[in-house]
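Reviewing the structure listed below.
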Number of protein chains: 2
Amino acid sequence: MQRQKGVALWRQISDRIRANILAGLYDKTGMVPAETALAEEFGVNRHTVRAALAALAQEGIVRAAQGRGTMITQRDKFDFPIGRRTRFSEGIGEQARDLKGILLSSAREIASADLAKRLKLNPGEEVLRLDGIRKADGRAVSRSTMWFPAERFAGIDTAFAETGSITRALTRCGVDDYVREVTEISAVHAEPDDVVHLELTPGAIVLVTRALNTDPAARPIQYAVTRFPADRVQFTIRN
Amino acid sequence: MQRQKGVALWRQISDRIRANILAGLYDKTGMVPAETALAEEFGVNRHTVRAALAALAQEGIVRAAQGRGTMITQRDKFDFPIGRRTRFSEGIGEQARDLKGILLSSAREIASADLAKRLKLNPGEEVLRLDGIRKADGRAVSRSTMWFPAERFAGIDTAFAETGSITRALTRCGVDDYVREVTEISAVHAEPDDVVHLELTPGAIVLVTRALNTDPAARPIQYAVTRFPADRVQFTIRN
DNA sequence: CAAGATTTGTTCGTATGTATT
DNA sequence: AAATACATACGAACAAATCTT
């Protein structure tokens with residue numbers, strides 16, 4: 001490896017590996033060669049290769065797994081429209097063949113002060129909390145924690161588990177229509193749980209939405225915090 | 001430092017430094033002690049401390065500068081509303097005292113195929129490109145590249161430079177009103193230019209919006225790509 | 001299933017370069 | 001000019017997870 005002055009060695013190596021990936025050099029196995037092999041190839045220390053790979057992992061281009069190797073992870077982005085009629089299934093609908101929601105866990109709990117305010121509940125009232133993930137074509141595209149007023153939506157957990165769709169689960173609870181009142185969007189680094197459920201690398205980016213849905217009478221029916229892998233999802237707001 | 005089994009040393013140290021920062025231990029100087037000092041304090045190698053600090057820099061909690069030290073950077077988030085009437089100055093308005101837009105550079109160029117389509121221009125028509133940053137209370141909150149049809153908006157570069165506001169610059173060009181047609185939101189890691197202009201750490205998160213504004217007659221007047229530091233900004237969409 | 005080989009993850013040591021004070 | 005502090009790079013060793021034999 002030639003030492004260009006002013007550019008760190010690991011950066012140069014990172015650029016070359018990225019170029020190799022884009023050129024399809026490793027397409028057969030879908031993996032980057034072992035760190036020791038790359039170190040030898042570029043004539044540098046294994047640490048230097050690791051720094052280069054860490055940068056690529058940051059970009060979401062590769063994903064390292066202990067004992068297995070460093071896999072290449074390149075995929076297209078889903079576009080997720082956000083608006084008054086936002087519905088997950090319809091939004092992703094045409095972009096994926098296989099779409100499913102999976103209920104991870106559910107619980108009945110007392111609403112926190114903040115949550116009670118958002119859902120316009122009285123202090124002490126109970127809510128149903130549902131944790132779930134959504135997959136499109138086998139790839140995890142979101143991870144949600146949702147809260148519903150417990151009294152009105154008893155049984156929505158099983159309805160969601162069976163249908164895999166919030167819209168259909170709400171229909172079973174007598175809500176034929178609902179609208180998205182407000183959506184907040186922010187971005188953070190992936191937490192350990194994100195890494196597991198969304199199949200990300202530590203340090204990857206997660207887009208976070210906090211959304212309130214109401215029924216046609218403007219009564220809050222659901223508050224949801226959803227986390228999306230930023231390398232697989234973007235949002236579109238049409239006005 | 002006690003070796004908890006199963007948790008990497010640098011992670012434990014990272015957690016302790018973060019706790020120290022949140023506890024206000026370093027508030028006097030606003031800086032973390034030097035790496036060598038931390039290494040001695042925790043009884044580990046300086047590399048291990050560097051790994052811990054790198055993780056905190058990733059989270060946007062600290063920011064290292066060669067030769068100077070590692071500074072603590074914690075701040076509140078601005079909330080940026082997105083909707084049909086989206087205007088930067090009004091959106092941030094009440095959240096900051098001092099707000100200004102700074103023109104970095106401007107150029108007249110031929111619209112790319114993609115851009116011409118978005119602005120509904122004929123192939124070969126020219127556009128004005130403006131690059132600028134916006135600061136709120138002295139902190140950079142966004143970095144934009146904006147394109148305007150060159151013919152209709154001649155002189156908007158100087159108008160923006162003088163007023164520091166797109167809305168006011170457009171008024172000077174005879175556009176009294178405009179609406180946000182569509183906004184795309186995604187998130188990526190900071191590029192070198194982001195690090196410089198938005199005062200970020202490498203690896204920090206940047207929220208990217210791509211927006212199209214039109215005049216009341218639905219004619220496109222501006223296409224803008226804006227990059228926001230995710231640790232300082234979030235978006236809200238009200239429906 | 002067990003043992004060994006492979007591959008990434010962590011930690012220490014050491015040295016030198018470069019920017020800032 | 002000198003001291004300080006972060007940035008980069010190499011070497012060695014062992015741990016942990018995974019795969020192969």
Side-chain angles (χ1 to χ4, degrees), chain A residues 1-17 26 29-58 61-73 192 195-196 199-204, chain B residues 1-17 26 29-58 61-73 192 195-196 199-204:
Chain A
M1 196 73 198
Q2 303 192 17
R3 262 81 167 169
Q4 278 184 48
K5 235 193 154 177
V7 180
L9 244 187
W10 66 264
R11 262 181 214 286
Q12 301 174 45
I13 290 171
S14 183
D15 290 340
R16 285 185 50 180
I17 295 174
Y26 311 130
T29 57
M31 309 240 334
V32 171
E35 292 171 352
T36 47
L38 288 171
E40 194 179 8
E41 177 187 339
F42 293 120
V44 300
N45 190 273
R46 187 174 146 235
H47 282 315
T48 310
V49 169
R50 279 179 63 74
L53 289 175
L56 294 177
Q58 269 257 329
I61 294 175
V62 301
R63 174 181 165 78
Q66 191 170 157
R68 190 177 314 178
T70 303
M71 285 145 286
I72 298 167
T73 62
V195 172
V196 174
E199 300 153 29
L200 293 171
T201 9
Chain B
M1 195 74 197
Q2 303 190 17
R3 263 83 168 166
Q4 281 183 46
K5 237 194 153 177
V7 180
L9 245 186
W10 65 264
R11 266 181 209 284
Q12 301 174 43
I13 290 171
S14 182
D15 290 341
R16 285 185 49 178
I17 295 175
Y26 311 130
T29 57
M31 300 204 40
V32 170
E35 291 172 352
T36 49
L38 288 170
E40 194 178 8
E41 177 186 339
F42 293 118
V44 299
N45 190 273
R46 194 179 135 235
H47 283 318
T48 312
V49 169
R50 278 180 64 74
L53 288 175
L56 294 177
Q58 269 255 330
I61 294 176
V62 301
R63 174 181 165 79
Q66 192 170 155
R68 191 178 314 176
T70 303
M71 285 145 288
I72 298 168
T73 63
V195 172
V196 174
E199 300 153 30
L200 294 171
T201 5

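Per chain, numbering begins at 1; letters A, B, ... match sequence-line order.
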Rounded distance in Å - CG (A:Leu56) to C1' (C:dT8): 15 Å
Nucleotide of C:dG13, C:dT7, D:dC10 approaching A:Val44 most closely (side-chain heavy atoms): D:dC10
Base D:dA7 to side chain B:His47, donor-acceptor N/O within 3.5 Å cut-off: no
Result of checking B:Thr29, B:Leu56, B:Val32, B:Ile17 against B:Ile72 for side chain to side chain contact (heavy atoms under 4.5 Å, CB included): B:Val32
Nearest listed nucleotide, side chain of B:Gln66, among D:dA9, C:dT18, C:dC12: C:dT18
Whole angstrom value for the distance that separates P of D:dA9 from CZ of A:Arg11: 10 Å
Side-chain N or O of A:Thr48 closer than 4.0 Å to phosphate OP1/OP2 of D:dC10: yes
Main-chain N/O of A:Arg63 paired with A:Thr70 side-chain donor or acceptor, under 3.5 Å: no
side-chain N/O A:Arg50 vs C:dT8 OP1/OP2, d < 4.0 Å: no
Counterpart residues, side chain to side chain contact (heavy atoms under 4.5 Å, CB included), relative to A:Val195 (two or more places apart): A:Ala190, A:Pro202
Watson-Crick or G-U wobble partner of D:dA1, both distances under 3.5 Å: none
Any A:Thr70 side-chain nitrogen or oxygen under 4.0 Å from OP1 or OP2 of C:dT7: no
Those residues that, when tested against B:Ala51, pass side chain to side chain contact (heavy atoms under 4.5 Å, CB included) (two or more places apart): B:Trp10
B:Ala57: partners by side chain to side chain contact (heavy atoms under 4.5 Å, CB included), with sequence neighbours left out: B:Val62, B:Thr201
Per A:Arg68 side chain, nearest of listed nucleotides D:dA7, C:dG9, D:dT18: D:dT18
Pair B:Leu38-B:Glu41, side chain to side chain contact (heavy atoms under 4.5 Å, CB included): steps then yes or no: CA-CA 5 Å; B:Leu38 288 170; B:Glu41 177 186 339; 3.8 Å; yes
Is there any protein nitrogen or oxygen under 3.5 Å from a nitrogen or oxygen in nucleotides 3-6 of chain C, and what are the pairs?
none

Atom pair distance, as rounded to whole Å: CD1 in A:Ile13 and C1' in D:dC10: 12 Å
Donor-acceptor pair under 3.5 Å, B:Arg46 side chain vs C:dG13 base: no
Side-chain N,O (B:Asn45) to OP1/OP2 (C:dT11) below 4.0 Å: no
Qualifying residues under side-chain hydrogen bond (donor to acceptor under 3.5 Å, both in side chains), relative to A:Asp15, sequence neighbours excluded: A:Arg18
B:Ala8 side-chain proximity, nearest of C:dT10, D:dG11, C:dT8: C:dT10
Nearest-Å distance for atom pair CD/P, residues B:Glu40 and C:dC12: 14 Å
Between P of C:dG9 and CZ of A:Arg63, the distance in whole Å: 11 Å
Euclidean distance, atom CH2 of residue A:Trp10 to atom P of D:dA9 [Å, nearest integer]: 9 Å
Nearest-Å distance for atom pair CZ/C1', residues A:Phe42 and D:dC10: 17 Å
Where at least one partner belongs to residues 46-58 of chain A, residue pairs that pass salt bridge (Lys or Arg N to Asp or Glu O under 4.0 Å), sequence neighbours excluded: A:Glu35-A:Arg46, A:Glu35-A:Arg50
Residue whose closest nucleotide on DNA chain C lies nearer the 5' end, A:Ala34 versus B:Ala51: A:Ala34
